[in-house]
2 protein chains.
Amino acid sequence: MTKAGYHHGDLRRTIVSAAVEAIGESGLDGWSLRELARRAGVSHAAPAYHFGDKAGVLTAIAADGFGLLADALEEAQPDFLAAGVAYVGFAVGHPVHFSVMFQPALYRPDDETLRAAETRAAEVLRKGSNAVPGAAARPGDATLAAWSIAHGFASLWISGALRMPPDADPVEAARPVLRLLVGDHGSQ
Amino acid sequence: MTKAGYHHGDLRRTIVSAAVEAIGESGLDGWSLRELARRAGVSHAAPAYHFGDKAGVLTAIAADGFGLLADALEEAQPDFLAAGVAYVGFAVGHPVHFSVMFQPALYRPDDETLRAAETRAAEVLRKGSNAVPGAAARPGDATLAAWSIAHGFASLWISGALRMPPDADPVEAARPVLRLLVGDHGSQ
DNA sequence: CAGCCAACTTGCCAATGACAAGATATCGCA
DNA sequence: TGCGATATCTTGTCATTGGCAAGTTGGCTG
């Protein structure tokens with residue numbers, strides 16, 4: 001609900017973008033509110049007005065992230081394998097959002113905007129998880145397995161633990177891996 | 001190679017323990033070198049002598065973590081499902097180590113001690129991964145899948161994203177989930 | 001045009017990370 | 001035993017930061 005056209009225009013969004021960029025460059029604790037203010041050309045306390053503190057900025061990033069993730073997953077429906085691949089694609093494409101999202105200690109998990117996006121993303125996962133072999137017997141486990149393998153692959157890729165060649169395509173690398181769990185059922 | 005019996009005795013280990021504890025209480029950026037120094041009863045600059053900076057402390061934590069992980073995995077050999085369960089058990093039992101380990105931006109990935117432990121842990125994964133169905137065709141993918149599902153489950157559990165009841169046992173919850181990938185082959 | 005309020009700014013303080021220089025205890029060695 | 005070398009720790013310092021309080025600006029409304 002940011003009203004555009006004030007002193008700066010849309011400082012809120014500017015700050016979030018700058019934060020994502022800064023974190024991408026210098027890591028999760030290589031940024032400061034004051035640096036964001038400088039980048040945006042405002043005074044050192046301006047960010048605090050919109051976000052309160054650092055956790056506020058990270059809350060906004062996480063909320064954006066869950067929104068983007070939900071979008072990506074919904075677009076891949078109803079092909080569940082494609083949804084898994086999309087999960088990895090989102091994570092690798094937005095590593096800062098992804099990293100923040102799954103460290104709730106960094107932000108305010110009870111934020112309203114955030115929880116809405118979070119719920120939306122979780123729904124897509126639950127809906128499509130019956131494509132996993134053996135899902136009928138224990139549907140909860142199938143959801144967990146699918147979520148886990150996509151999340152794990154994405155996390156490991158981002159962290160660099162997989163030591164892939166720099167030009168490797170994470171999305172194409174993920175597909176055969178996810179297929180080992182989901183099988184060749186493909187859609188539905 | 002810390003020689004014990006100096007002024008403090010074993011400040012290096014004391015600081016690492018205090019850091020793990022502090023991070024566990026207040027999160028990854030809720031601690032300071034000065035706080036660790038106070039807890040250990042030394043001057044504010046003492047930690048810097050042993051670790052240089054914050055990244056140095058986190059490097060030590062990550063190295064310890066990879067060592068502990070390698071121990072846990074080796075103990076579970078040759079049952080690959082058990083190794084997966086052990087992976088989750090380590091992560092949930094040492095969430096601070098686990099979180100740090102897979103955020104290389106926080107520490108110095110080229111540290112010697114660290115790389116040794118890291119390599120040892122990676123070896124165990126590679127060795128046992130042929131228990132995954134379809135592993136013969138694409139052994140690399142089977143390793144990735146197994147690592148991903150265990151890593152993903154652990155990460156999601158620690159982050160709280162799974163919204164499990166507080167008394168739930170992560171290790172027992174993981175077993176049927178991992179079995180969906182590994183199958184009932186059990187050992188070797 | 002008068003007042004109101006959102007959107008900033010200015011000023012401030014304790015805490016921190018990092019560095020430099022000094023102090024001290026232990027150890028090797030004559 | 002004594003002495004110097006060295007690892008370990010302390011003291012002092014400085015720029016930077018997060019966060020708070022209080023002031024200011026500029027558009028909007030009635």
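These values consider heavy atoms only, across backbone and side chains, with no hydrogens, waters or symmetry-generated copies. Residue numbers begin at 1 in each chain, while the letters A, B, ... track the order of the sequences.
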Atom CG of B/D10 to atom C1' of D/dA7: distance rounded to whole Å?
14 Å
Without decimals, in angstroms, what is the distance between B/F51 CZ and D/dT8 P?
12 Å
Which residues share a ring-ring contact (aromatic ring centres under 6.0 Å, His included) with B/W31, sequence neighbours left out
none
Output all residues satisfying side chain to side chain donor-acceptor pair (under 3.5 Å) with B/R39, sequence neighbours left out; order by chain, then residue number.
B/E25, B/E35
From CZ of B/R12 across to P of D/dT8 the rounded distance in Å is 10 Å
Given C/dA7, is OP1 or OP2 found less than 4.0 Å from the side-chain N or O atoms of A/Y49?
yes
Rounding to an integer number of Å, can you tell me how far A/L11 CG sits from C/dT9 C1'?
12 Å
Nucleotide C/dC8, atom C1' - distance to CD1 of A/I15 in whole Å
11 Å
In residues 58-71 of chain B, what donor-acceptor pairs under 3.5 Å come from side-chain atoms, sequence neighbours left out?
unit_1	atom_1	unit_2	atom_2	d
B/T59	OG1	B/A55	O	2.7
B/T59	OG1	B/R108	N	3.0
B/D71	OD1	B/R120	NH1	3.4
B/D71	OD1	B/R120	NH2	3.0

When every non-hydrogen atom of B/V57 is compared with those of B/A19, the smallest separation belongs to CG1-CB, 3.6 Å
For B/F98, give me all partners under ring-ring contact (aromatic ring centres under 6.0 Å, His included), at least two apart in sequence or on another chain.
B/F102, B/H151
Spell out protein contact along nucleotides 14-19 of chain C as letters: B when the base is contacted, S when just the sugar-phosphate is, - when no protein heavy atom is under 4.0 Å; keep the 5' to 3' order.
--SBBB
Test ring-ring contact (aromatic ring centres under 6.0 Å, His included) applied to A/H44 - qualifying residues, sequence neighbours left out
none
